[in-house]
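See below for the structure under consideration.
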Amino acid sequence: MLSLLLTILSILLLAAAALISISYLPAGEYVTQATLNKLRTGLTGLQTGYNNYVAATGSTPTTANWGSVLTPQYVFLPATPGGNLQWSYVSGATYGSTTGNYFCLSGTWTEAQYRGALSAANWFSPQAYFISSGCGATSNATTPSSWPATAAVTFWVAVS
């Protein structure tokens, strides 16, 4: 009888300890992590496809034909972190005193998506990855004060 009582008491203490130690994720954390992962894999894939295209053809895609020449031969267009965002590409854009090409993910962002984009910046060169109000940025903008907000992630690629 004493063994049964001690067993029940042990189970109750273990259950109480488990309930006390539960830590919940902050609101939107899943969306933040999903955005981070989609940006990391998406931009890395676009850069790889871009580099393979340049190596195979000796030229860079143009703004007008980038979708048809890169996909599906060299890369598939990555999924966006949300239906309110879309990919684009611009060639021959001004970056400081030189001309460059960039991929951009733009549209209306939620706060959780924007946090994911900020986290993704740690995976890329600070000279290539910028978050601003529009595509083609060469510096980062301040974080919007209200949500949802219009923003864009610009990812510059080297012109070979």
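Interatomic distance, Leu77 CG to Thr71 OG1, rounded to the nearest 0.5 Å: 6.5 Å. We find the CD-CZ distance between Gln47 and Phe124 to be 7.5 Å, quoted to the nearest 0.5 Å. Here the OG1 atom belonging to Thr80 is positioned 6.5 Å from the NZ atom belonging to Lys38, to the nearest 0.5 angstrom. The structure places CG of Asn51 at 11.0 Å from CG of Leu46, a figure rounded to the nearest 0.5 Å. Once rounded to the nearest 0.5 Å, the distance linking CG of Leu36 with CG of Asn122 reads 8.5 Å. Expressed to the nearest 0.5 Å, how far CG of Leu105 lies from CG of Leu43 amounts to 7.5 Å.
Two residues are said to be in side-chain contact when any heavy atoms from C-beta on lie closer than 4.5 Å; Phe103 and Ser88 fail this criterion. The side-chain heavy atoms of Gln127 and Tyr95, taken from C-beta on, include a pair separated by under 4.5 Å. By the 4.5 Å heavy-atom criterion applied to side chains, Val31 and Gln113 are counted as neighbours. Residues Thr110 and Trp147 have side chains not in contact (no heavy-atom distance under 4.5 Å, counting atoms from C-beta outward).
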Return a table of donor-acceptor pairs under 3.5 angstrom between the side chains of residues 128-145 and protein atoms on other chains or two or more places apart.
residue, atom, partner, partner atom, Å
Tyr129, OH, Ala117, O, 2.7
Asn140, OD1, Ile131, N, 2.8

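More than 12 non-hydrogen atoms from other residues, nucleotides or ligands lie less than 6.0 angstrom from CD of Gln73. At most 12 non-hydrogen atoms from other residues, nucleotides or ligands lie less than 6.0 angstrom from CH2 of Trp123.
Closest of all the heavy-atom pairs between Glu29 and Arg115 is N-NH2, 4.4 Å. Across all their heavy atoms, Gly100 and Trp156 have their closest contact at C-CZ3, 3.7 Å. What you find for Thr154 and Cys104 is that their closest heavy atoms are OG1-SG, 4.2 Å. Scanning both residues, Ser91 and Asn101, for their nearest heavy atoms gives CA-OD1, 3.0 Å.
Residues passing the side-chain contact (heavy atoms from CB on, under 4.5 Å) test with Ile8 are Leu4, Leu12, sequence neighbours excluded. Taking the side-chain contact (heavy atoms from CB on, under 4.5 Å) definition, one finds that Thr99 meets it with nothing, sequence neighbours left out. Every side-chain contact (heavy atoms from CB on, under 4.5 Å) that Pro61 has, sequence neighbours left out, goes to Tyr50, Tyr53, Asn65, Trp66, Val69, Leu70, Tyr89. Not counting sequence neighbours, the partners of Thr108 by the side-chain contact (heavy atoms from CB on, under 4.5 Å) test are Asn84, Pro148, Thr150.
The side chain to side chain contact (heavy atoms under 4.5 Å, CB included) test with Thr35 singles out one residue from Trp109, Tyr30, Tyr114, and that residue is Trp109.
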Inset, instruction - May I have the step-by-step check of side-chain contact (heavy atoms from CB on, under 4.5 Å) for Phe155 and Tyr102, ending in yes or no? - result: CA-CA 5 Å; Phe155 183 67; Tyr102 63 82; 5.9 Å; no
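Of the possible polar contacts, one joining the Trp87 side chain to the Pro78 backbone as a donor-acceptor pair under 3.5 Å is found.
With a 4.5 Å cut-off between side-chain heavy atoms of Ile, Leu, Val, Met, Phe, Trp and Tyr, the cluster of Ile11 takes in none.
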